Amino acid sequence: MISDGLRILRYAAASGFADFRTIYTVRTWITGWLFRVLCQVSFFALIGRLIDSPEYTEYLLIGNAVMIAAMESLFVVASTSWERWTGSVPLLIAAPASLALVLCGRSVQWLASGTASATLALFLLSPLFGVDLRLPMALVVIPLIALVGLSTYCFGLILGGLVLRADSLRNVVGNLTMLSLMAISGAQVPVSVWPDWLQALSAVLPVHHGLAAIRGVLSAEMGFTEVLMHVGMEAIVGTASLGVAILGFKRFAESGRRSGAIEFGS
Amino acid sequence: MTESSPLAVAVADLTRTFVRSRSRLPGRLKRRPPESRTALDAITLTVPSGEVHGLLGPNGAGKTTLCKILSTVLIPTSGIAKVFGHDVVVSTTRVRPLVGVVLGGERGLYTRLTARQNLMYWSALYRQPTSEGAERTAKLLERLGLEERADERVETFSRGMKQRLHLARGLVGNPRLLILDEPTVGLDPAAARDFRGLVRQLRAEGRTILLTTHDMTEAEELCDRVTLIDSGKLLGTEDPRTIGEWLSAWERVTAEGVPAELIDRIRKVEGVAGVEIDSEGRITVETAGDGTSAAVLSLLVDGGVTSLSTSRPSLEEVYLHLIGSRGLNVG
Ligand SMILES: Nc1ncnc2c1ncn2[C@@H]1O[C@H](COP(=O)(O)OP(=O)(O)O)[C@@H](O)[C@H]1O
Ligand SMILES: [Mg+2]
C-alpha cells in the first residue's frame with residue numbers, strides 16, 4: 001500500500017518536473033529565475049544597508065532568502081489547477097488510487113527549485129552584504145529551509161484544492177498568500193510588532209516557526225531544545241495542512257461526482 | 001477473481017438530471033428558477049459478461065453520461081447502476097479496479113511524458129506491481145503499434161497515436177469491463193479501421209466492452225447487441241444485423257438529370273418513401289424496404305441516367321423511420 005502510494009507520488013512528481021523542464025532549462029533557471037531571486041533578496045537587504053544597520057541587514061537577508069522557498073512552494077496553488085487542463089481529472093477519479101495522491105505529488109518541482117534557490121540566495125548574498133553565517137554550522141539550515149518549503153507546499157495544496165473549483169483565482173490566491181506570509185511571519189519585521197490576533201494567526205501558518213528556528217541556528221543564540229520546538233511546530237503546521245488539503249481534494253472529487261462539474265474528455 | 005456476477009453491467013431505472021449553473025445575470029434581474037435537464041431518463045439495461053455492447057445514439061443522447069456513471073465519475077440522480085454486481089455509487093473501491101475507460105478526443109494524457117511513462121504512471125494508479133506494470137506496458141505498446149515511439153513525448157504524437165495510447169491506458173489496469181466512449185471520433189478511416197480490429201481482439205480475450213457511437217456501421221460491425229438511445233431514453237436493444245438491415249432498407253439514391261416522367265415512375269416503385277428534388281434538379285430517393293434501392297437504380301440506369309449514387313441513411317433518418325413506423329419494440 002505505502003509503496004504503491006510512493007510510486008504514484010513519484011510518477012506524479014515526474015509529470016511535474018516534466019512541466020518544469022518546459023519552463024526552464026538549467027541555464028534559464030540560473031540566468032532567469034535565480035537572478036530574479038537574488039535581486040529580490042538583495043532589494044530587501046539593501047533597506048538594511050540604507051538605514052545603516054548591520055543587524056537589520058542580516059535580519060532582512062535571512063528572512064527574505066527563506067521566504068523564497070515559501071514563495072516558490074506557493075506556485076503549487078496555480079499548478080494544481082493545471083491538472084484540470086490536461087483533462088486527466090475524471091480519469092484519475094475513475095482510477096482506484098486517490099486523486100489526492102496525484103495532486104500532492106504533481107507540484108513538488110517547486111519545492112525542489114525553491115529550496116535550491118533560497119539556499120543559494122542565502123549563501124551567495126551573505127558575503128556581499130557582510131553577513132557572517134558562521135560556516136560550516138550554517139549548513140544545518142539547508143534542511144530547515146526545505147522544511148519551510150515543504151510546510152508551505154502543504155499549505156499551498158489546501159489553496160490549490162480551493163482554486164480547482166475557481167480556476168480564475170489561481171494566481172491571485174497564490175500571490176496574496178505570499179504577500180501575507182511575507183508580512184506576518186517574521187521575514188521583514190519581528191512577529192512581535194503585530195497585534196496579538198495576527199501573531200496567533202501567523203503561528204498556525206507555515207514559515208513562522210521554521211524561520212524562527214533558522215534565525216536561532218544562524219545567530220547561535222538559541223538553545224537546542226528551543227530550535228527543536230520551532231522545528232516541531234513547523235512540521236506540525238505542515239502535517240496538519242497536508243491533512244486538510246487531502247480532505248479538500250477528496251471533497252472536490254465527491255462534489256464533482258455529484259454536480260457533474262468534472263469535465264470528461266475534450 | 002472472487003465473486004463473479006454474470007452481468008457486467010446492470011442498470012435499473014437510472015436517471016440523471018443536470019441543474020444548469022446559475023445564470024450570471026446581475027441579481028437585480030429576475031432570478032430564474034434553476035433550469036434542469038434530464039440526460040438519462042429512467043433507463044434499464046443489462047450487459048452480460050463477455051459481450052460487446054453498443055450504445056448507439058446521436059449527440060446529446062446521454063451516452064457519455066452513462067459512461068461517466070458506470071466509471072464512478074458521476075453519481076446518478078436516481079436508480080441503480082452495478083458493475084459486476086457492485087454498486088457504482090457506494091462500492092467505488094470494488095468497481096474502479098474492474099473498469100477501464102477510454103474517451104474520444106486527445107485529452108487526459110500527460111503530453112510532456114513519454115508514452116511508456118504515461119502507461120507506467122497509470123499502471124501505478126491501477127495498483128499494478130511495478131514489474132507487472134512494466135511488462136503490461138511493453139506488451140500494450142507493442143500491440144498498439146506504439147513501440148517505436150514509446151520513449152518519445154506524447155505531445156509529438158498524431159491524433160491516432162494518442163487515441164491508441166488512450167486505449168492502452170484504458171487497458172493497463174487489466175479491466176474486465178472496458179468503456180469506450182466514441183473511440184473513433186476524429187480518427188481517419190484507416191486509423192478507425194485499425195481501432196475496430198483491436199476491439200475485436202479484446203472481445204476475443206473475453207473482456208466486456210461497452211462502446212458508444214453515433215456511427216451505425218461501427219455499431220453493426222463491432223457489437224454483439226446494440227442499444228439505441230435518444231434524448232436520454234432507450235429505444236430498444238437490437239441485434240446488429242437488424243441495424244444492417246435498416247442501413248440497406250433505408251438507403252438513399254441520388255441522381256442528376258432525371259427526366260420528369262422517370263421521376264413519376266420512381267415515385268410509384270413499391271418501397272419508395274419519398275423523392276426530393278433540389279434547386280439544381282438533383283433528386284434524392286428515400287427507400288424503405290429491402291431491394292427497393294436496387295429497383296430504383298435499375299429504373300434510372302434503364303432510363304439512361306448516368307450520374308447516380310447510393311448512400312446509407314444517417315442515424316437521425318433511421319430514428320425518424322423507426323419512430324414513424326413503430327418498427328421498434330420500445331421499452
Ligand atoms: N455537466 C453537465 N452539465 C449540464 N448538462 C450536461 C452535462 N453533461 C451533459 N449534459 C447534458 O446532458 C445531455 C446528454 O449529454 P451526453 O451524455 O454528453 O450526450 P452524448 O454523449 O450522447 O452526446 C446533453 O443534453 C447535455 O447537454
Ligand atoms: Mg458523448
Side-chain angles (χ1 to χ4, degrees), chain A residues 1-24 79 82-106 109 165-166 168 250 252-266, chain B residues 16-19 21 39 64-65 67-77 88-89 92-114 117-118 120-130 133 153 155 166 169-170 172-173 179 181-182 185-186:
Chain A
M1 271 307 284
I2 291 175
S3 72
D4 279 356
L6 286 178
R7 205 148 51 91
I8 293 165
L9 278 178
R10 213 179 67 222
Y11 284 114
S15 86
F17 277 102
D19 281 344
F20 193 73
R21 275 193 298 275
T22 64
I23 304 173
Y24 298 116
S79 64
W82 295 355
E83 193 69 32
R84 272 196 100 149
W85 301 351
T86 64
S88 53
V89 173
L91 301 173
L92 289 169
I93 289 175
S98 160
L99 168 70
L101 210 47
V102 168
L103 292 175
C104 288
R106 68 104 49 234
Q109 68 275 20
R165 301 151 199 256
S168 55
K250 288 199 189 302
F252 165 74
E254 283 313 305
S255 73
R257 285 180 76 204
R258 251 175 278 122
S259 70
I262 296 163
E263 66 272 44
F264 214 48
S266 45
Chain B
R16 172 70 211 204
T17 55
F18 288 106
V19 181
S21 53
T64 299
T65 303
C67 291
K68 282 186 191 178
I69 290 174
L70 292 176
S71 55
T72 76
V73 176
L74 187 69
I75 289 180
T77 309
V88 298
V89 178
T92 51
T93 50
R94 294 295 197 86
V95 173
R96 285 172 181 164
L98 301 173
V99 180
V101 58
V102 180
L103 311 164
E106 303 179 13
R107 298 185 67 217
L109 296 167
Y110 292 90
T111 53
R112 283 154 184 180
L113 298 181
T114 67
Q117 285 170 332
N118 267 278
M120 287 300 292
Y121 186 3
W122 287 99
S123 93
L125 286 163
Y126 277 82
R127 304 227 171 94
Q128 307 267 311
T130 310
R153 284 201 203 173
E155 62 194 353
H166 258 308
R169 195 198 59 74
V172 86
I179 297 174
D181 190 20
E182 307 223 31
V185 163

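Quick caveat: nothing in here was measured; it's all calculated off a predicted structure. Lettering of chains follows the sequences in order, A, B, ..., and the numbering in each one begins at 1. The analysis underlying the following values was restricted to heavy atoms, covering all of them including side chains, and did not include hydrogens, waters or symmetry mates.
- Side-chain atoms of R16(B) and T77(B), non-hydrogen and from C-beta on, do get closer than 4.5 Å to each other.
- Summarising the geometry, atom OG belonging to S79(A) is positioned 11.0 Å from atom CZ belonging to F20(A); distances are rounded to the nearest 0.5 Å.
- For a residue to count as touching a neighbouring chain, one of its non-hydrogen atoms must lie under 4.5 Å from one of that chain's; by this rule F18(B) touches chain A with the side chain only.
- Both the backbone and the side chain of T72(B) come within less than 4.5 Å of a heavy atom of chain A.
- With rounding to the nearest 0.5 angstrom, the CG atom of L70(B) is 12.5 Å from the NZ atom of K68(B).
- Pairs passing the side chain to side chain donor-acceptor pair (under 3.5 Å) check and including a residue from residues 1-10 of chain A, sequence neighbours excluded, read R7(A)-T130(B).
- In this structure, chain A has a heavy atom under 4.5 Å from the side chain of Y110(B), while its backbone stays farther away.
- For R169(B) (side chain) and G100(B) (main-chain N/O), no donor-acceptor pair under 3.5 Å exists by modelled atom type.
- With a 4.5 angstrom heavy-atom cutoff, A253(A) does not touch chain B via any of its atoms.
- Only the backbone of V88(B) comes within contact range of chain A, with heavy atoms under 4.5 Å apart.
- Top candidate by heavy-atom pairs under 4.5 Å with chain A, chosen from Q128(B), Q117(B), H166(B), is Q128(B).
- For T22(A), the part lying under 4.5 angstrom from a heavy atom of chain B is the side chain only.
- By the 4.5 Å heavy-atom criterion applied to side chains, V101(B) and D181(B) are not counted as neighbours.
- For chain A, no part of P76(B) is nearby; none of its heavy atoms comes within less than 4.5 Å.
- A distance of 5.5 Å separates CG of L109(B) from CG of N118(B), quoted to the nearest 0.5 Å.
- Neither the backbone nor the side chain of R106(A) comes within contact range of chain B; no heavy atom of the residue lies under 4.5 Å from a heavy atom of that chain.
- The choice from S98(A), G5(A), G256(A), G260(A) that makes the most heavy-atom pairs within less than 4.5 Å of chain B is G260(A).
- Both the backbone and the side chain of L92(A) come within contact range of chain B, each with at least one heavy atom under 4.5 Å from a heavy atom of that chain.
- Ranked by heavy-atom pairs shorter than 4.5 Å toward chain B, the options A97(A), A18(A), P96(A) are led by P96(A).
- Side-chain N or O atoms of R96(B) include one that pairs as donor or acceptor with a backbone N or O of I93(A) at under 3.5 Å.
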